[in-house]
Amino acid sequence: LSEDKYIDNQYYNIFSNHHLMWGEPLPVIERTRNQSEESALRIQTAVEFLIANYIDIKIQKEYGIIKLRALLQHMKGILYDLEYLNEINTKIHPHLFEIKNFIIQWFEQTPSEKKIKDWFFSFEELFEEYIQEILEKYPLYLPLRENYAILKNMTMKNGSYIHIKRNGVLLPNISILAGRTYFKLQHKFNKFNLSCPLTHEASPIIKDRFDFLIKMKEYNRQYLPNFMTITTSITAKLI
């Protein structure tokens with residue numbers, strides 16, 4: 001990102017603790033958040049990540065293939081999201097601790113394919129229930145639009161509960177199409193509609209964050225092509 005947007009990006013995102021590796025230090029210009037702004041930003045960020053994980057899990061279930069490396073990374077990350085929400089002991093914590101243990105012991109005691117599948121389907125069911133409970137307390141903030149394009153083959157709209165509906169044709173899952181190729185082909189033949197509890201009211205820092213990210217993405221598109229903005233995957237697609 002550009003130098004002049006670096007300070008603002010620190011203010012609007014909770015990703016911090018950057019370390020200078022090369023070059024001259026930037027001027028120290030701090031924009032500090034108060035406690036209310038910090039809480040609002042943590043909640044919005046956590047909800048965005050939880051919905052992104054919900055989408056990934058549902059697509060993997062529909063296509064019948066588990067993206068194992070991404071799954072292990074994302075499930076470990078959910079523990080941070082729960083901390084942001086001050087959710088200490090939830091119905092999904094045992095599953096998250098179990099998969100974290102898979103990672104720790106992977107090379108000494110690699111879980112079987114059946115064990116991973118059993119974990120996945122058990123977690124998927126619990127996670128849908130849990131994320132609905134979270135969204136009832138903290139609906140996702142987005143600027144007002146009729147529909148939101150998340151992926152080339154997925155749109156989102158406001159709804160009373162979170163739900164994904166697929167329309168299209170599923171290709172047979174054969175070994176020569178495994179991995180990314182399989183997913184890309186499936187995306188060409190399938191479309192998804194996501195219903196999700198949304199709100200268009202939020203604290204000023206959340207609304208200003210979207211305006212800032214939109215301007216930063218426009219700048220990057222013109223001057224820094226192929227570099228993504230530093231934000232969550234959901235927001236990066238919606239701005």
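- The hydrophobic cluster containing Ile66 also contains Ile103, counting ILVMFWY residues as joined when their side-chain heavy atoms lie under 4.5 angstrom apart, directly or transitively.
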*Go through Asp8 and Met216 one step at a time and tell me if the side chain to side chain contact (heavy atoms under 4.5 Å, CB included) criterion holds.*
CA-CA 10 Å; Asp8 285 337; Met216 187 165 66; over 6 Å; no
*Please test Asn53 against Met75 for side chain to side chain contact (heavy atoms under 4.5 Å, CB included), starting from the C-alpha separation and ending with a verdict.*
CA-CA 8 Å; Asn53 279 302; Met75 294 304 100; 3.9 Å; yes
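- Annotation: side chain of Pro197 is not in contact with side chain of Tyr138 (no heavy-atom distance under 4.5 Å).
- Proximity of a side-chain donor or acceptor of Gln186 to a complementary backbone N or O of Tyr182 within less than 3.5 Å is not detected.
- Rounding to the nearest 0.5 angstrom, the gap separating the CD1 atom in Ile162 from the CG atom in Leu140 is 9.0 Å.
- In the displayed structure, Lys76 atom NZ is contacted under 6.0 Å by at most 12 heavy atoms of other residues, nucleotides or ligands.
- In this structure, the side chain of Asn101 does not engage the main chain of Phe97 through any donor-acceptor pair within 3.5 Å.
- Here the closest non-hydrogen pair linking Leu198 and Asn158 is N-OD1, 2.9 Å.
- Ring planes of Phe127 and Phe123: parallel class, angle under 30° (limits at 30 and 60°).
- A salt bridge links Asp118 with Lys114: the closest approach of a Lys/Arg side-chain nitrogen to an acidic carboxylate oxygen falls below 4.0 angstrom.
- Residues Arg145 and Tyr148 come closest through the heavy atom pair N-OH, 3.0 Å.
- By the 6.0 Å contact criterion, OH on Tyr6 is enclosed, its count of non-hydrogen atoms from other residues, nucleotides or ligands being greater than 12.
- One finds no salt bridge joining Lys137 and Glu133 here, because no Lys/Arg side-chain nitrogen approaches an Asp/Glu carboxylate oxygen to under 4.0 Å.
- With contacts defined as side-chain heavy-atom distances shorter than 4.5 Å, the pair Phe102/Ile99 qualifies.
- Closest approach of Ser36 to Asn34, counting heavy atoms only: N-OD1, 3.1 Å.
- At a threshold of 4.5 Å between side-chain heavy atoms, the hydrophobic network of Ile, Leu, Val, Met, Phe, Trp and Tyr places Phe120 and Leu170 in one connected group.
- More than 12 heavy atoms of other residues, nucleotides or ligands lie within 6.0 Å of CD in Glu108, so this atom counts as buried by the packing criterion.
- Scanning all heavy atoms of the two residues, the minimum distance from Leu142 to Phe210 falls at CD2-CZ, 3.6 Å.
- Distance CD1/Ile57 to CD/Glu125: 12.5 Å, rounded to 0.5 Å.
- Separation of the Tyr11 and Phe212 ring centroids does not fall under the 6.0 Å cut-off.
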*Please walk me through it: do Gln222 and Glu218 pass side chain to side chain donor-acceptor pair (under 3.5 Å)?*
CA-CA 6 Å; Gln222 184 174 357; Glu218 290 172 352; over 6 Å; no
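- His163 is not listed as a side-chain neighbour of Asn193, based on a closest heavy-atom distance of 4.5 Å or more.
- Two residues are said to be in side-chain contact when any heavy atoms from C-beta on lie closer than 4.5 Å; Tyr161 and Leu135 fail this criterion.
- Considering only heavy atoms from C-beta on, Tyr54 comes within 4.5 Å of Ile164 through its side chain.
- Ile104 is not connected to Leu72 by any chain of hydrophobic side-chain contacts under 4.5 Å among Ile, Leu, Val, Met, Phe, Trp and Tyr, and they are in different clusters.
- Tyr12 and Leu224 fall into different hydrophobic clusters, defined by Ile, Leu, Val, Met, Phe, Trp and Tyr side-chain heavy atoms under 4.5 Å apart, directly or through other members.
- Interatomic distance, Leu194 CG to Ile55 CD1, rounded to the nearest 0.5 Å: 5.0 Å.
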*asked:* Between Gln132 and Glu128, is the side chain to side chain donor-acceptor pair (under 3.5 Å) condition met? List the steps.
replied: CA-CA 6 Å; Gln132 177 62 30; Glu128 183 160 34; over 6 Å; no
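- Separating the CG atom in Leu126 from the CZ atom in Phe121 is a distance of 14.0 Å, to the nearest 0.5 Å.
- For Asn167, the CG atom sits in a packed shell: over 12 heavy atoms of surrounding residues, nucleotides or ligands are nearer than 6.0 Å.
- Under the 4.5 Å side-chain criterion, counting only non-hydrogen atoms from C-beta, Tyr223 is not in contact with Ser2.
- To the nearest 0.5 angstrom, Leu82 atom CG is 5.5 Å from Thr90 atom OG1.
- For His95 (side chain) and Trp119 (main-chain N/O), no donor-acceptor pair under 3.5 Å exists by modelled atom type.
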_Derivation and outcome, side chain to side chain contact (heavy atoms under 4.5 Å, CB included), residues Thr155 and Ile150_ = CA-CA 6 Å; Thr155 58; Ile150 298 179; over 6 Å; no
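- Annotation for Ile131 and Leu50: closest pair CD1-O, 3.5 Å, computed over non-hydrogen atoms.
- Side-chain atoms of Asn13 and Arg209, non-hydrogen and from C-beta on, do get closer than 4.5 Å to each other.
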*asked:* Determine whether Ile78 and His74 satisfy the following criterion, side chain to side chain contact (heavy atoms under 4.5 Å, CB included), listing intermediate values before the conclusion.
replied: CA-CA 6 Å; Ile78 288 180; His74 295 166; 5.8 Å; no
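- At a threshold of 4.5 Å between non-hydrogen side-chain atoms, the residues Asn190 and Glu62 do not count as touching.
- Around NZ of Lys91, the count of heavy atoms belonging to other residues, nucleotides or ligands within 6.0 Å exceeds 12.
- Of all heavy-atom pairs spanning Gly159 and Ser195, the tightest one is CA-OG, 3.3 Å.
- When hydrophobic clusters are built by joining Ile, Leu, Val, Met, Phe, Trp and Tyr residues whose side-chain heavy atoms come closer than 4.5 Å, directly or via intermediates, Leu1 is not grouped with Trp22.
- By the 6.0 Å contact criterion, CD on Glu3 is open, its count of non-hydrogen atoms from other residues, nucleotides or ligands being 12 or less.
- In this structure, Lys58 is not positioned above the aromatic face of Phe192 in the sense of NZ or CZ being under 6.0 Å from the six-membered ring centre and within 45° of the axis.
- The CZ atom of Arg69 lies 11.0 Å from the NZ atom of Lys67; values are rounded to the nearest 0.5 Å.
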